[in-house]
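What follows is a short report on a single structure.
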Protein chains: 2
Amino acid sequence: MANSATTTAAVPSTAERILDAAEDLFAEKGYSATSLGDVADRVGIRSPSLYNHFKNKEALYEAVLERLLADFSAPLAELNGGPVTNERVFSWLETIVRQHHANPNLARLLQHAALSGGPHTNELIDRLFRPMFQSDARIDGDSITLFRDTGLQPWAVMAFNNLVMSYVTMAPMYRDLLGQDPFSEEALENQLNLIKMLLLAVFEYKGSSPSAT
Amino acid sequence: MANSATTTAAVPSTAERILDAAEDLFAEKGYSATSLGDVADRVGIRSPSLYNHFKNKEALYEAVLERLLADFSAPLAELNGGPVTNERVFSWLETIVRQHHANPNLARLLQHAALSGGPHTNELIDRLFRPMFQSDARIDGDSITLFRDTGLQPWAVMAFNNLVMSYVTMAPMYRDLLGQDPFSEEALENQLNLIKMLLLAVFEYKGSSPSAT
DNA sequence: AGGGGCAATGTGAATAATCGCGCCTCTTAA
DNA sequence: TTAAGAGGCGCGATTATTCACATTGCCCCT
């Protein structure tokens, strides 16, 4: 079977190993603070060799983003593919929680982009979040009386998104603070239960909005 | 001569102007990505002059942290000064929301520290969050049945904290996404209402936990 | 009153390290 | 043989930091 067709799929190619290393480093330090030397070191090559695979630093960053976006856009597209019911919101939230838990790098990268900018930040926003508010993907129906009349809907959606993402971006702090690995299986279940309960509480909340100022 | 030195009531000293500039830049770009040249440029002096006021870059960063912590530790200390009732939790949350709204730099700095580390990160955690879980500052009483038996209490507290902080760290993204200034007065009221309603929903939620069934 | 120190605060120049990046050569496998 | 990939080398820019100076205002001694 040593055919000379293509041997790229079986063993991770150098380009893929560069992408892996760059993704981790960009997520940790942000775009500008990440040096190509660091990336090359982690791959085990010299930094000039990176230019055999990517045009320059920005192209590498772009490739990292592209790969991440391909994975993370799917659940939202699927949610937008049908009516937004409570169960579908539940399952959407559970999916993205598990996704961010399995790979925290997109959330971290996004947080860096929100704080410091960097290349392709606008594209990042457009492809990850804009579809939430442009299509019919608004939480509607008879179940949510909480946000209907106060104009909080987009903010509420973003709040739940923040809940998921900040869990990941703050994870190193939690490790120290609570003495538990935030990416363990039990921590994932904890996080899922907490978010589910919050969402349930919101769904079932029938009280009046706090008009007191 | 082209100096816009309209000296108001209190003339900020050079050291204070350096602190102001450094705080903004550290919050935006993080510790390592902020250059002393940038800081000096914003103050209007040359970078070697910074060394007349601070020993080195790390000492400057430390001074920035110290000034921020002095402001932001007060509400938590006050909450810990008495029994943790619902109303006191409400008012604590409102206070920190308003504080982060008035000065978003601590949240941004903290997010950078959580992502990339940097000097004094552990001290930052200790002084801002550790007191929440070391003293009696746990949400107790008969009102919160939601988290009592599932061991989620610390995670729930941090979740609300994240809600507040990620609003700030994600603000630039919101500006683009929702077409509204996240730091306007109305946006502040929105954010306050949303968090209050979430907290209320949690307080009044009487359903069974999903894992208990 | 006058001037000699002196600390505080600014500056430009210089240094060593690191950065992104491109040119060129060598190795290796089909 | 050939071409892709890895590495050596170095350029130019930027970094934090130090140093030698210039300038200012203030205290003290005569």
Side-chain angles (χ1 to χ4, degrees), chain A residues 1-65 109 112 116-120, chain B residues 1-5 7 10-65 112 116-120:
Chain A
M1 280 304 292
N3 203 337
S4 66
T6 44
T7 61
T8 55
V11 174
S13 67
T14 303
E16 276 164 348
R17 290 194 298 132
I18 293 172
L19 277 178
D20 290 339
E23 183 184 305
D24 286 344
L25 286 168
F26 281 138
E28 178 186 335
K29 314 164 94 167
Y31 176 75
S32 60
T34 298
S35 82
L36 294 185
D38 290 343
V39 178
D41 280 352
R42 190 167 291 205
V43 179
I45 61 179
R46 303 290 155 231
S47 64
S49 301
L50 298 176
Y51 289 83
N52 290 323
H53 303 269
F54 299 94
K55 182 170 150 289
N56 52 25
K57 186 184 180 180
E58 188 176 334
L60 173 58
Y61 183 68
E62 203 175 325
V64 166
L65 287 186
L109 246 149
H112 275 295
S116 317
H120 306 283
Chain B
M1 53 196 317
N3 197 349
S4 63
T7 58
V11 182
S13 68
T14 304
E16 276 165 348
R17 284 169 42 231
I18 293 173
L19 278 178
D20 290 339
E23 183 184 303
D24 286 344
L25 286 169
F26 282 138
E28 179 187 334
K29 314 163 98 170
Y31 176 76
S32 59
T34 298
S35 82
L36 293 185
D38 289 344
V39 177
D41 279 352
R42 192 168 287 208
V43 178
I45 60 179
R46 304 292 153 229
S47 61
S49 303
L50 299 177
Y51 288 82
N52 288 325
H53 304 271
F54 300 94
K55 182 169 149 288
N56 51 26
K57 187 182 179 181
E58 189 175 333
L60 173 58
Y61 182 70
E62 201 175 327
V64 166
L65 287 187
H112 276 295
S116 316
H120 307 282

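Every chain is numbered from 1 and lettered A, B, ... according to where its sequence line falls, protein lines coming before strand lines.
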- Message: A:Phe54: which residues meet the ring-ring contact (aromatic ring centres under 6.0 Å, His included) condition with it, sequence neighbours left out?
- Response: none
- Return the orientation label for the A:Phe26 and A:Tyr31 ring planes: parallel under 30°, perpendicular over 60°, tilted otherwise. parallel
- Task: Return the set of residues passing side-chain contact (heavy atoms from CB on, under 4.5 Å) with B:Asp38 (not counting sequence neighbours), or none when no residue passes.
- Result: B:Leu25, B:Lys29, B:Ser35
- Item | Side chain to side chain, B:Ser13 and B:His53, heavy atoms closer than 4.5 Å | no
- Could you run down nucleotides 15-22 of chain D 5' to 3' and tag each one B, S or - for protein heavy-atom contact under 4.0 Å? SSBB----
- Could you grab the distance from atom CG of A:Leu19 to atom OG1 of A:Thr14, nearest 0.5 Å is fine? 11.0 Å
Review item, nucleotides 3-6 of chain D N/O atoms under 3.5 Å of protein N/O:
unit_1: D:dA6; atom_1: OP1; unit_2: A:Thr14; atom_2: OG1; d: 2.9
unit_1: D:dA6; atom_1: OP2; unit_2: A:His53; atom_2: NE2; d: 2.8
unit_1: D:dA6; atom_1: N7; unit_2: A:Asn52; atom_2: ND2; d: 2.7

- Does A:Lys57 have any salt bridge (Lys or Arg N to Asp or Glu O under 4.0 Å) partners at least two apart in sequence or in another chain, and if so, which? none
- Name all residues meeting the side-chain contact (heavy atoms from CB on, under 4.5 Å) criterion together with A:Asn56; count only those two or more places apart in sequence or in a different chain, and write none if there are none. A:Tyr51, A:Glu58, A:Ala59
